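Shown next, in structure tokens, is the structure this report addresses.
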Amino acid sequence: MRYPDWQERFWKELERATTRKWQWGVHDCVSFGTRMADVISDSDYAALKAGTNWYDSKDVAKLLHGTDLTTLISIVLGSPMDRRFVQHGDLMIATDSTGQQVLTVHDGQQLLAADLVGYKTVPVSAGRHGWRII
């Protein structure tokens with residue numbers, strides 16, 4: 001369930017993320033998205049990474065080999081919803097400017113994903129489907 005002050009928590013966590021450098025398992029698109037969800041709600045989506053060495057890019061590649069990001073995220077978050085229903089604070093799979101699928105968080109106007117330092121914006125129109133963080 002979202003905390004009553006979830007919007008304030010959302011923006012504070014986003015501010016903290018501006019200086020984080022890309023690192024598998026610490027600041028990658030899945031870590032960024034699930035951290036944002038955990039900050040605004042009483043969820044614990046860190047379970048998404050349980051049983052994997054998410055800190056090793058080779059292990060992540062093995063995990064994702066043959067499994068698209070949507071399937072991986074759905075294991076923990078359940079079935080995705082149509083992109084038309086994604087709102088501020090929800091998670092969404094999108095295709096970034098490099099053509100890669102990334103897990104993003106909706107900030108009310110655009111999508112945000114982890115970048116080499118901080119985060120990058122992705123247009124909502126690049127979103128495919130998402131998950132409600134309630």
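Computed from a prediction, not measured in an experiment: that's the story for all the values here.
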Dump the intermediate steps for side chain to side chain contact (heavy atoms under 4.5 Å, CB included) on Leu69 and Cys29, then the final yes or no. CA-CA 10 Å; Leu69 193 54; Cys29 72; 4.3 Å; yes
Side chain to side chain contact (heavy atoms under 4.5 Å, CB included) assessment of Arg132 paired with Val86: CA-CA 7 Å; Arg132 175 72 25 92; Val86 175; 5.6 Å; no
Go through Val122 and Gln110 one step at a time and tell me if the side chain to side chain contact (heavy atoms under 4.5 Å, CB included) criterion holds. CA-CA 6 Å; Val122 179; Gln110 58 197 352; over 6 Å; no
Walk me through it: do Ser74 and Trp131 pass the test side chain to side chain contact (heavy atoms under 4.5 Å, CB included)? CA-CA 9 Å; Ser74 295; Trp131 294 267; 3.4 Å; yes
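The hydrophobic cluster containing Met92 does not contain Leu112, counting ILVMFWY residues as joined when their side-chain heavy atoms lie under 4.5 angstrom apart, directly or transitively. Hydrophobic clustering, with ILVMFWY side chains joined whenever heavy atoms are under 4.5 angstrom apart, keeps Leu111 apart from Val30. A single hydrophobic cluster is seen to contain both Leu14 and Leu103, as judged by linkage of ILVMFWY side chains at heavy-atom distances under 4.5 Å, directly or through other members.
A distance of 7.0 Å separates CE of Met1 from CD1 of Ile134, quoted to the nearest 0.5 Å. One distance of note links CG of Asp42 with OH of Tyr3; it measures 5.5 Å at 0.5 Å rounding. How far CG of Leu91 is from CE of Met81: 9.0 Å, rounded to the nearest 0.5 Å. In this structure, CE on Met36 lies 11.5 Å from OG on Ser43, to the nearest 0.5 angstrom. Atom CG of Asp28 is separated from atom CG of Asp115 by 12.5 Å, given to the nearest 0.5 angstrom. Atom CD1 of Ile73 is separated from atom NE2 of His129 by 9.5 Å, given to the nearest 0.5 angstrom.
Applying the salt bridge (charged side-chain N to carboxylate O under 4.0 Å, His left out) criterion to Arg128, with sequence neighbours excluded, gives no partner residue. Lys12 meets the salt bridge (charged side-chain N to carboxylate O under 4.0 Å, His left out) test with Glu8; sequence neighbours excluded. For Arg9, the side-chain hydrogen bond (donor to acceptor under 3.5 Å, both in side chains) criterion is met by Asp5, not counting sequence neighbours.
Closest approach of Ile40 to Gly89, counting heavy atoms only: CD1-O, 3.6 Å. Across every non-hydrogen atom of Phe32 and Ala17, the tightest pair is CE1-CB, 3.9 Å.
In the hydrophobic clustering, Val117 connects to no other residue, as no ILVMFWY side-chain heavy atoms lie under 4.5 Å from its own.
A donor-acceptor contact shorter than 3.5 Å is absent between the side chain of Ser41 and the backbone of Asp38. For Thr95 (side chain) and Gln100 (main-chain N/O), no donor-acceptor pair under 3.5 Å exists by modelled atom type. In this structure, the side chain of His27 engages the main chain of Gly118 through a donor-acceptor pair within 3.5 Å.
Proximity of Thr18 to Arg16: side-chain heavy atoms (C-beta onward) are nowhere separated by under 4.5 Å.
Applying the side-chain hydrogen bond (donor to acceptor under 3.5 Å, both in side chains) definition to pairs two or more places apart or across chains, those involving residues 116-127 are Asp96-Lys120. For residues 69-100, the ring pair (Phe, Tyr, Trp, His ring centres under 6.0 Å) pairs, not counting sequence neighbours, are Trp6-His88, Phe10-His88, Trp11-His88.
A salt bridge is absent between Arg20 and Glu15; no separation between the charged side-chain nitrogens and carboxylate oxygens falls under 4.0 Å.
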